[in-house]
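Position 1 is the first residue of the sequence; numbering continues from there.
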Amino acid sequence: MALPGSLRRQPANKGLVSHCTHHHIVVFLLTFFSYSLLHASRKTFSNVKVSISSQWTPSCLNSTAPELRPYELWNSSHLFPNAEEATLFLGTLDTIFLFSYAMGLFVSGIVGDRLNLRWVLSFGMCSSALVVFFFGTLTEWLHFYNKWFYCCLWVVNGLLQSTGWPCVVAVMGNWFGKAGRGFVFGLWSACASVGNILGAFLASCVLKYGYEYAFLVTASVQFAGGVIVFFGLLTSPKEVGLPELGTDEDGSVEEDANRPLMGNDDADDDDRNYSIQATDTDNQPKAIGFFQACCLPGVVLYSLAYACLKLVNYSFFFWLPFYLSNNFGWKEAEADQLSIWYDVGGIIGGTIQGLISDVLQKRAPVLAISLVFAVGSLFGYSRSPNSKPINAVIMAITGFFIGGPSNMISSAISADLGRQDLVKGSSEALATVTGIVDGTGSIGAAVGQYLVSLIQENLGWMWVFYFFILMTSSTVLFISPLIVREIKLLLHERRLRMLAE
C-alpha cells in the first residue's frame, strides 16, 4: 500500500546534501558573521559599563575613575552625582534599546520583504556602526556628555539593529529548504552566542586604552562587515541561475518542498491551493501585509510563546554574571568566563534539537519535551551549590533546554512559518513573519529585564527562578494546540505506515 505524498517521510538530509553548493556555504557564513557582528556591538556595551559609569561620575565620588584635568571643567560637565545613578541610567539605556529594537523588528520585516534584503541588511549594519561610533567614541573624544543625546542615539541604534535578524533569516530561508532546515538553522543560530564571545574578546583587547576604543574597534569591524555583505551576499538562488526552493532544475515543482513542518496535513487538496495573496499572472511574487502575516497559522501562537521564552533567555544573558557574583561572591571576571557555558549549552541544544525535529518532521513536540526538562533544570540550577564545576555543568544543561528551543523558534520555525502553503511566492513573507516573531519576543525580553530587577530586589533570587519557571511553562501552554495537532499527525502517519507494510 503506497503512502500519500504528504505523509511519506523523506530523509532529513536529502535536500541538504544533494543541492548544497559553494554558494550555500558562502551565504551561511556571510549571514552568520553579519549577525554575529551586530550582537558583538551589543555585548561590547555590556562589557564596558563599569568604565562608562566611572567616566560619567565625578572622580571625587568614584574611586575607580581616573583623575581628570582640569578638575573644574570635568566637575561642571559630569552627568551624574554618583555611580548608582549612572548605573541606573545604563540600565535604562538597555530597556530603551530593547523596546526600540522590538518596534523596529515589526517594521524591518515588512521593509525587507519589499526591498532588496542585501541592501537593507548592509544599510542596517553600516548605519548602526556609525551610531555606535558616535555614542561611545566620538562623544568621548569631544568630551560631550548629554543624557538625551545618548538616549536618542540608542533608540536609533535599536531601530537599525532590528534590520539584521529578519533579513538574515529570510536569506537563509531562501537558500535552505525544509529538508535539513532544523539542523542547519540550529547550527547557524549559534551566531548570536558567537557574537557575544567576539564582542567580549574585542572589548577586552583594547579596554585598557579606554572604553571609547572598544566601541571604535567593534564599530569598525561591523562597518567593514556591512560593506562585505553589500558586495558579496546573494539573497536567493535565482541570482546565480540556480532553481529556487520548491523547483527542480527542469523547472518542475518539487513536492512538499516549501510545506512547513507545522502545516495542516489534514487539509483537502482544494484548500491547499488557497492563497492569502490574490492570483497574479506576474511571476514576481508580492509581499504580504503585516496583518496577513499575523493570520498565518502558528504565527501568533509562536510569537506569544517566544515572548515568554526570550524573556527567560535574555534574562540569563543580562543577569547571569551579576547573579554569580552577587549570590556566590565570585569575582566579576570569573563570573563572566563561567557564564559562557550557558551559550555553549544553547549552541549544542539548538543543533541537536533541530536535527531531531528534522528526523520527526515536526517541531512542536521537540520543543515541548525540551521545555519540560527546562523547568527541571531551572529548579535544579536555583539550588546549585557554591561550586564552579557543578554550577557550570548545570548551567550548560539549562542553556541546552532553554537556549536550544529559543534558537529554534527564532530561526528554523520562523522560516517554516514564512514558507507555508498559504503564502505563494517563495520568500515574500519570510522577513515579515520573522520580524513579528522576534519583535514580540523582544517586547517580552524588554519587560522581563525590569521585572527581574524588581523581583530580585523585593523577594530574592529564588523567586526570580520561580518566575522563569512560570514563563517557561507559559511557553508550553501557548504552543499546546500545535503540540496536540502534530502528535496526532505523527500517530496518523505511523498507522498508515503500519498498514502499508
Side-chain angles (χ1 to χ4, degrees), residues 9-17 20 24-25 28-29 31-32 35-36 39 168-169 172-173 176-197 260-262 302 305-306 309-310 312-314 316-317 320 339-381 392-417 437 441 468 472 475-476 479 482-483 486-487 490:
R9 179 164 296 176
Q10 301 294 336
N13 62 346
K14 175 185 176 183
L16 178 64
V17 175
C20 186
H24 290 79
I25 299 175
F28 183 99
L29 294 176
T31 53
F32 184 97
Y35 194 72
S36 294
H39 233 267
V168 294
V169 172
M172 285 288 292
F176 296 91
K178 186 187 68 175
R181 180 181 287 161
F183 172 74
V184 172
F185 274 75
L187 182 63
W188 174 83
S189 61
C191 56
S193 298
V194 172
N196 295 338
I197 298 172
L261 301 188
M262 67 284 295
Y302 272 117
Y306 193 48
L309 189 58
K310 191 169 184 177
V312 179
N313 196 39
Y314 260 54
F316 271 88
F317 173 74
L320 185 54
S339 64
I340 293 176
W341 287 103
Y342 180 82
D343 286 323
V344 173
I347 294 172
I348 299 173
T351 304
I352 294 179
Q353 292 168 35
L355 181 60
I356 295 174
S357 70
D358 283 340
V359 174
L360 295 177
Q361 296 193 2
K362 297 291 181 288
R363 310 278 193 218
V366 179
L367 287 178
I369 294 173
S370 179
L371 292 173
V372 168
F373 281 107
V375 170
S377 65
L378 284 169
F379 185 82
Y381 188 67
V393 171
I394 304 177
M395 185 192 304
I397 294 173
T398 305
F400 183 95
F401 291 120
I402 293 179
S406 179
N407 290 342
M408 279 185 61
I409 294 178
S410 63
S411 56
I413 289 177
S414 294
D416 287 340
L417 291 169
V437 174
F468 290 164
T472 304
T475 304
V476 179
I479 63 173
L482 302 173
I483 297 171
E486 293 188 6
I487 290 177
L490 280 173

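- Geometric assessment of Lys310 against the ring of Tyr306 yields a negative cation-pi assignment under the 6.0 Å and 45° thresholds.
- Ala374 and Thr472 get closest at one heavy-atom pair: CB-CG2, 4.1 Å.
- Listed by first and then second residue, the ring-ring contact (aromatic ring centres under 6.0 Å, His included) pairs involving residues 342-362 are Phe316-Tyr342 (not counting sequence neighbours).
- Of all heavy-atom pairs spanning Thr31 and Met172, the tightest one is OG1-SD, 3.5 Å.
- With a 4.5 Å cut-off on side-chain heavy atoms, Leu367 and Thr475 do not count as touching.
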**OP:** May I have the step-by-step check of side-chain contact (heavy atoms from CB on, under 4.5 Å) for Ile352 and Phe400, ending in yes or no?
**Re:** CA-CA 9 Å; Ile352 294 179; Phe400 183 95; 4.0 Å; yes

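- By the 4.5 Å heavy-atom criterion applied to side chains, Val476 and Val375 are not counted as neighbours.
- Of all non-hydrogen atoms in Ser377 and Ile394, the two that sit nearest each other are O-CG2, 4.3 Å.
- When all heavy atoms of Ile402 and Asn313 are compared, the closest pair comes out as CG2-OD1, 4.3 Å.
- Side-chain atoms of Thr398 never come within 3.5 Å of backbone atoms of Leu378 as a donor-acceptor pair (strictly under, hydrogens ignored).
- Every residue meeting the side-chain hydrogen bond (donor to acceptor under 3.5 Å, both in side chains) condition with Tyr35, not counting sequence neighbours, appears here in chain and number order: Arg42, Tyr101.
- Between His39 and Cys191, every side-chain heavy-atom pair lies at or beyond the 4.5 Å cut-off.
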**OP:** Start with the C-alpha gap between Ile479 and Ile409, add the side-chain angles, then the distance that decides, and say whether side-chain contact (heavy atoms from CB on, under 4.5 Å) holds.
**Re:** CA-CA 11 Å; Ile479 63 173; Ile409 294 178; 5.8 Å; no

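- Remark: side-chain polar atoms of Gln353 are not paired, donor with acceptor, to backbone N or O of Phe401 under 3.5 angstrom.
- The heavy-atom pair separating Met395 from Tyr381 by the smallest distance is CE-OH, 3.4 Å.
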